[in-house]
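Working notes, structure below.
For reference, positions follow the sequence shown, starting with 1. Fair warning: this is a prediction, and the values are worked out from it, not measured in the lab. Every heavy atom of this structure was used, including side-chain atoms; hydrogens, water molecules and symmetry mates were not.
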Amino acid sequence: MKKIAVLGSTGSIGVNALKVISRYPEKFKVVALSCDTNYRLLARQARRFKPRMVGIKDVSKIKDLRRSLGSVKTRIFAGAEGLAEMAKSTDAHIVLIGISGNASLLPLVSAIDAKKDIALASKEPLVSAGEIVMKKARENGVKIIPVDSEHSAVFQCLRGRDENDLRKIYLTGTGGPLRSIRESLFDKIPRAKMVIHPKWKMGKKISVDSATLMNKGLEVIEARWLFNIPIDRISVLIHPEAIVHSMVEFLDGAILAQL
């Protein structure tokens, strides 16, 4: 049985991961959960999965969390350093990092130092410290498995292939809600239009980053470190249908896509 720690368990990645885990109780056991501020949902998750430890980044909510946990017996960690300590202390085989922003960096590095395999959904650690993170992973013999859509697609296409045969990575993007709008009109676009993504339901920050394609720039940096490939061999394709999540091209001209 695989023991799983879900850091960022109250966000969309964490919630969906727990849905999958709950379908296979004979294969997975949740041993740690954490959130940023949503102590109510974290407490409900703890009552259901009974992890050995829980963490909350917002230290001002620790009393609320204790009260909400009631009779649930679990060790509580708080603050950024507390989450890092929890990531290091857990007996999980795999640590899922679903914490948004650079708040995920410290727990990620702690988990790697503790030789835990990583399921990584947060792009910011690789954007801001990709060289450091991947070097640590190699030194500790840790696998970093991308969970984010495009990078998971590349990972799946590369399974069983020699990375030396890789010629190019193609990351796809829908183009967002501004794809058909002239650049001259950009400074007149209402905020509400920026956050209505044509394909996906996302938070406001990532919706705006997708509308401006800034998010694709971050994904290029992430792919550069994850797959150890120069940036000039990573291309972005605008694909409004959003059928192909990403593609890889090999030296023999073959292309594999994940749909």
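Leu65 belongs to a hydrophobic cluster whose remaining members, ordered by chain and number, are Ile4, Val6, Ile13, Leu18, Val20, Ile21, Tyr24, Phe28, Val30, Leu33, Tyr39, Leu42, Phe49, Val54, Ile56, Ile62, Leu69, Val72, Ile76, Ile94, Leu96, Val147; membership requires side-chain heavy atoms of ILVMFWY residues under 4.5 Å apart, directly or through intermediates. The hydrophobic cluster analysis finds Leu106 isolated: no Ile, Leu, Val, Met, Phe, Trp or Tyr side chain comes under 4.5 Å of it, directly or through other members.
Residues passing the salt bridge (Lys or Arg N to Asp or Glu O under 4.0 Å) test with Lys168, sequence neighbours excluded: none. Scored by the side-chain contact (heavy atoms from CB on, under 4.5 Å) test, Glu241 finds His239, Ile243 as partners (sequence neighbours excluded). For Thr212, there are no side chain to side chain donor-acceptor pair (under 3.5 Å) partners two or more places apart in sequence or in a different chain. For the side chain to side chain donor-acceptor pair (under 3.5 Å) test, no residue two or more places apart in sequence or in another chain qualifies with Ser22. With sequence neighbours left out, Lys216 forms a salt bridge (Lys or Arg N to Asp or Glu O under 4.0 Å) with Glu150, Glu219. With sequence neighbours excluded, no residue forms a side chain to side chain donor-acceptor pair (under 3.5 Å) with Ser12. Under the rule for a salt bridge (Lys or Arg N to Asp or Glu O under 4.0 Å), the partners of Asp148 that lie at least two apart in sequence or sit in another chain are Lys123.
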Please list every donor-acceptor pair under 3.5 Å in which a side-chain atom of residues 248-259 meets a protein atom from a residue at least two apart or in another chain.
from: Glu249; atom 1: OE1; to: Tyr170; atom 2: OH; distance (Å): 2.7
from: Glu249; atom 1: OE2; to: Arg167; atom 2: NH1; distance (Å): 3.1
from: Asp252; atom 1: OD1; to: Ala254; atom 2: N; distance (Å): 2.9

List, one per line, each side-chain donor-acceptor pair under 3.5 Å for residues 183-202, sequence neighbours excluded.
from: His197; atom 1: ND1; to: Lys199; atom 2: N; distance (Å): 3.0
from: His197; atom 1: ND1; to: Trp200; atom 2: N; distance (Å): 3.1
from: His197; atom 1: NE2; to: Thr174; atom 2: OG1; distance (Å): 3.4

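Closest heavy-atom contact between Phe77 and Glu85: CE2-CG, 3.7 Å. The nearest pair of heavy atoms linking Ala103 to Lys57 is CB-CE, 3.7 Å.
Sorted by first and then second residue, the salt bridge (Lys or Arg N to Asp or Glu O under 4.0 Å) pairs with a member in residues 18-44 form an empty list; sequence neighbours excluded.
Judged by distance alone, with hydrogens and angles left aside, the side-chain atoms of Ser9 form no donor-acceptor pair with the main-chain N or O of Gly14 at under 3.5 Å.
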Test Glu124 against Ser128 for side-chain hydrogen bond (donor to acceptor under 3.5 Å, both in side chains), laying out the working first.
CA-CA 6 Å; Glu124 289 84 359; Ser128 60; over 6 Å; no

